[in-house]
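Chain naming here is simple, since letters A, B, ... match the order of the sequence lines and numbering starts at 1 in each.
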Amino acid sequence: GIQVEQSPPDLILQEGANSTLRCNFSDSVNNLQWFHQNPWGQLINLFYIPSGTKQNGRLSATTVATERYSLLYISSSQTTDSGVYFCAVPVYNQGGKLIFGQGTELSVKP
Amino acid sequence: NAGVTQTPKFRILKIGQSMTLQCTQDMNHNYMYWYRQDPGMGLKLIYYSVGAGITDKGEVPNGYNVSRSTTEDFPLRLELAAPSQTSVYFCASSSSGVDGYTFGSGTRLTVV
């Protein structure tokens, strides 16, 4: 089955810094999702991005499907950005189940 | 619009006990999922359903059972709880199985 790998596993930033999180996947995909799990455990859907670039405020994501990777950019980080960021790929012939990466744990210090 | 509602939020079970984790969604989504998340790990799929009356196993189904009698409800049953089932359980739904996934707030289960 498809493998999803994320890097780095953890990241510590000072407030205001920028960061790039990476997600590699082992096979061609038709969709890719980025989630943020906040310190209280809630999973929030950030982007659905099968290809190209999308932006939402200080966050943006780019997926290059032909090269099997996706990047999540966080600019001018804030303490509220802390948490774990997951990328996940749905498997269409198995009910759209999501295959998750191991996550990148981000800590933004004031 | 409540989205995906899970109950209870926390539970402690003794080894060998049974319980049902409840999951309800009010978005009329056909696709529903149960995941578990162990500390420091990503989520792994336990069971999923593509519509009422249809369920299938995910990656880690052993020790669990599900049913889907209505579109709204997708309960997860633990029989004979074991310490290895200590985890955080998330229920999710999707309208299409392609995007628009919505997750519940999770159930933190400890088996002692």
Side-chain angles (χ1 to χ4, degrees), chain A residues 1-11 21 23-26 29-52 54 56 61 63 70 83-107, chain B residues 2-6 8-10 23 25 27 29-61 66 68 74 87-109:
Chain A
I2 192 167
Q3 305 294 316
V4 180
E5 296 182 353
Q6 293 184 242
S7 61
D10 44 66
L11 189 58
L21 283 57
C23 174
N24 292 331
F25 37 94
S26 62
V29 299
N30 293 317
N31 187 7
L32 185 134
Q33 308 255 203
W34 281 98
F35 293 91
H36 175 218
Q37 186 170 37
N38 64 26
W40 296 270
Q42 182 69 33
L43 278 158
I44 307 298
N45 199 331
L46 296 176
F47 292 104
Y48 152 63
I49 183 163
S51 63
K54 290 186 177 180
N56 184 1
T63 296
S70 183
V84 183
Y85 290 81
F86 290 102
C87 64
V89 174
V91 180
Y92 293 161
N93 63 358
Q94 295 182 47
K97 73 172 190 179
L98 291 169
I99 303 296
F100 282 81
Q102 298 287 73
T104 292
E105 184 167 7
L106 176 65
S107 179
Chain B
V4 178
T5 303
Q6 290 184 237
K9 294 191 183 301
F10 303 94
C23 176
Q25 53 93 6
M27 298 170 285
H29 285 176
N30 284 324
Y31 297 81
M32 295 189 74
Y33 312 87
W34 275 106
Y35 293 89
R36 60 176 286 173
Q37 183 180 27
D38 297 328
M41 306 290 284
L43 281 70
K44 293 187 177 180
L45 183 69
I46 305 171
Y47 271 94
Y48 67 97
S49 170
V50 300
I54 305 170
T55 63
D56 209 344
K57 297 178 180 179
E59 302 167 79
V60 290
V66 294
R68 185 92 182 273
F74 191 39
S87 190
V88 180
Y89 292 83
F90 288 97
C91 180
S93 73
S94 167
S95 59
S96 62
V98 174
D99 65 348
Y101 295 88
T102 302
F103 280 78
S105 57
T107 295
R108 186 174 297 273
L109 175 67

Heavy-atom distance under 4.5 Å between the side chains of B:Glu59 and B:Tyr35, does that happen here? no
Under 4.5 Å between any side-chain heavy atoms of B:Cys91 and B:Phe103, yes or no? no
Please set out all donor-acceptor pairs under 3.5 angstrom arising from side-chain atoms of residues 41-52 of chain A, sequence neighbours excluded.
from    : atom 1 : to       : atom 2 : distance (Å)
A:Asn45 : OD1    : A:Gln33  : NE2    : 3.2
A:Asn45 : ND2    : B:Tyr101 : O      : 3.3

The reported gap from OG1 in A:Thr104 to NE2 in A:His36 (rounded to nearest 0.5 angstrom) is 11.5 Å
One should read off an interatomic distance between B:Phe74 CZ and B:Gln25 CD, to the nearest 0.5 angstrom, of 11.0 Å
Minimum heavy-atom distance A:Ser26-A:Gly1, with the two atoms named: OG-O, 4.3 Å
Identify which part of B:Ser94 has an atom lying under 4.5 Å from any heavy atom of chain A, answering side chain, backbone, both or neither. neither
Would you say A:Lys54 has more than 12 foreign heavy atoms packed within less than 6.0 Å of its NZ? yes
Proximal to chain A - members of residues 41-52 of chain B, heavy-atom separation under 4.5 Å: B:Met41, B:Gly42, B:Leu43, B:Leu45, B:Tyr48, B:Val50
Region of A:Gln6 in contact with chain B, defined by heavy-atom distances below 4.5 Å: neither
